[in-house]
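Report on one structure; see the data block that follows.
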Amino acid sequence: MESLDLRVLADALAWRTAGHAVTLVTVVQTWGSAPRPPGALLAVRDDGVVSGSVSGGCVEDDLIARTKASFSTGDRGTPALRKPAMIVYGVSQEEAARFGLPCGGTLRLVQEPLLDTAWVAQLLARTAEHQLVARTLTLASGAVQLSNAVRGQTMAFDGATLSTVFGPKWRLLLIGAGQLSQAVAQIALMLDFEVLVCDPREEYAATLMAGLPGIADIRRVEGMPDDVVREMAPDAHTAIVALTHDPKLDDMALLEALKSHAFYVGALGSRRNQDARKRRLAEHFDLSHEELARLHGPVGLALGAKTPAEIAVSIVAEIVLVKNAVVGAAAALTTAGCVLT
């Protein structure tokens, strides 16, 4: 699940609330080279407005035309399509070329009218609480059921039922609100992370909250950093980066973060400072060797970065690298018959 798909559902819910008819389209299988993975979601409004993507633009125009044609002309907001249906693109090499599918790829899609929106509202509320949710669609009836999902669970389709997994947005907690934090926050927002900032130093926090572009999408969390980390109970969709360069603030937050389920924990500082920090954490706190080994420091990829913006790029790049490795490992374990909990 990508957070993009949650945005698609939020748009679809808003459109239905406003009286529009909406059709959802889900990628269920791909052959050859496909720009969007199974589970990718698209919503099409009755006037052709779309949210999301199932092919990166290859077949969207045809889907819009199909979907608009499926809406009844007599009653705006009532789709002629009453049950889910299958759509296949790229059965032949010629058709794949006509729709611009790369390398002669094939897409198999499920198209469904969004008639009942109660499950959408419930799913969005549950993922906002950082829950993993599985949505099961029965094609014969169009019925939808929601259930708890586990980390590593992936989309499943057997021709009769379609199960897709929706999870919380990836979130990033920044300890510190200085210039570097501002740059990291801006890049993370562009990557659709939920960004939270904790800095008890009012002079820094006030500067951040006053002038940073996109500030409406950033949430300041008040309190001491270690208390904030403990109370937020970081899960496997959470990254935590300490950037104050003040051991009194960073170390206690890192202590809590390294004991949590956060998929990434990083701290600003030179190699010498990192070695000193690890010695302090090992000597004065109950941190195991394995927990200390989780600390990324010096934080970020080795890009030769010099400016705050360049360092921010290196930090977010490393977070994305670790995130994608975690997701890939979880999917591989699920395929092998294992599930991460």
Side-chain angles (χ1 to χ4, degrees), residues 1-7 9-10 39 122-135 146-155 163-176 181 184-185 188-189 191-198 217-243 250 252-267 286-288 290-297 299 315-316 318-334 338-341:
M1 190 288 310
E2 298 180 15
S3 55
L4 168 64
D5 297 323
L6 293 177
R7 226 169 31 240
L9 290 179
Q122 184 182 354
L123 187 151
L124 292 174
R126 289 174 64 173
T127 54
E129 294 296 323
H130 267 255
Q131 297 180 32
L132 280 169
V133 182
R135 171 193 178 247
L146 301 182
S147 60
N148 293 329
V150 294
R151 184 170 171 239
Q153 186 174 336
T154 57
M155 193 214 77
S163 178
T164 47
V165 179
F166 295 85
K169 292 181 69 171
W170 297 93
R171 62 180 173 179
L172 170 62
L173 172 64
L174 297 174
I175 307 300
S181 295
V184 172
L189 286 173
L191 292 173
D192 205 30
F193 276 78
E194 176 187 356
V195 179
L196 304 92
V197 177
C198 173
D217 297 317
I218 298 175
R219 180 159 65 94
R220 183 191 175 190
V221 187
E222 296 186 357
M224 292 301 292
D226 55 323
D227 293 331
V228 168
V229 174
R230 189 183 311 109
E231 290 169 7
M232 74 181 295
D235 60 12
H237 285 78
T238 305
I240 300 172
V241 182
L243 298 173
D250 285 350
M252 296 303 294
L254 291 171
L255 169 66
E256 298 295 336
L258 291 170
K259 288 181 172 295
S260 76
H261 294 292
F263 76 90
Y264 179 94
V265 180
D286 184 25
L287 281 178
S288 68
E290 291 74 17
E291 288 168 335
L292 285 171
R294 297 183 59 218
L295 179 62
H296 292 265
V299 67
I315 292 172
V316 179
E318 186 173 55
I319 292 172
V320 171
L321 178 68
V322 174
K323 172 181 78 72
N324 290 345
V326 167
V327 171
L333 284 173
T334 301
C338 303
V339 175
L340 292 178
T341 56

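If you read the sequence from its start, that first residue is 1, and numbering goes on from there.
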Worksheet item: Under a 4.5 Å cut-off applied to non-hydrogen side-chain atoms, are Q153 and L132 in contact?
Response: no
Item to complete: Specify whether H237 and W170 have parallel, tilted or perpendicular ring planes, treating 30° as the upper limit for parallel and 60° as the lower limit for perpendicular.
Response: tilted
Discussion item. Is any side-chain heavy atom of H296 closer than 4.5 Å to one of Y264?
Written reply: yes
Fill in: Worked verdict on R171 versus R219 for side chain to side chain contact (heavy atoms under 4.5 Å, CB included)
CA-CA 11 Å; R171 62 180 173 179; R219 180 159 65 94; 5.6 Å; no
Fill in: Side chain to side chain, M232 and V221, heavy atoms closer than 4.5 Å
no
Worksheet item: Hey, are the side chains of E256 and V228 touching, using non-hydrogen atoms and a 4.5 Å cut-off?
Response: no
Discussion item. Are the side chains of F166 and T164 in contact, using a 4.5 Å heavy-atom criterion?
Written reply: yes
Discussion item. Minimum heavy-atom separation for L254 and A267, please, with both atom names.
Written reply: CD1-CB, 3.7 Å
Practice prompt. Starting from the C-alpha separation in whole Å, work towards a yes-or-no answer on side chain to side chain contact (heavy atoms under 4.5 Å, CB included) for K259 and L287.
Written response: CA-CA 8 Å; K259 288 181 172 295; L287 281 178; 3.8 Å; yes
Fill in: Nearest heavy atoms of A188 and L172, plus distance in Å
CB-CD2, 3.7 Å
Worksheet item: Does some side-chain heavy atom of V184 sit less than 4.5 Å from a side-chain heavy atom of V241?
Response: no
Discussion item. Counting C-beta onward and ignoring hydrogens, is there a side-chain heavy-atom pair between P234 and L173 closer than 4.5 Å?
Written reply: no
Worksheet item: Does the R294 side chain pair with the main chain of L258, one donor and one acceptor, at a distance under 3.5 Å?
Response: yes
Discussion item. Would you compute the distance between atom CZ of F193 and atom CD1 of I319 and round it to the nearest 0.5 angstrom?
Written reply: 6.0 Å
Response to the item:
Here the pair of heavy atoms bringing A134 nearest to S163 is CB-OG, 4.3 Å
Response to the item:
Minimal heavy-atom distance between D5 and G39, with the atoms involved, is OD2-O, 3.9 Å
Fill in: V133 side chain near S147 side chain, heavy-atom distance below 4.5 Å
no
Worksheet item: If you round to the nearest 0.5 Å, how far is CD1 of I175 from CG of L196?
Response: 9.5 Å
Worksheet item: Which pair of non-hydrogen atoms, one from I218 and one from A185, has the smallest distance, and what is that distance?
Response: CD1-CB, 3.8 Å
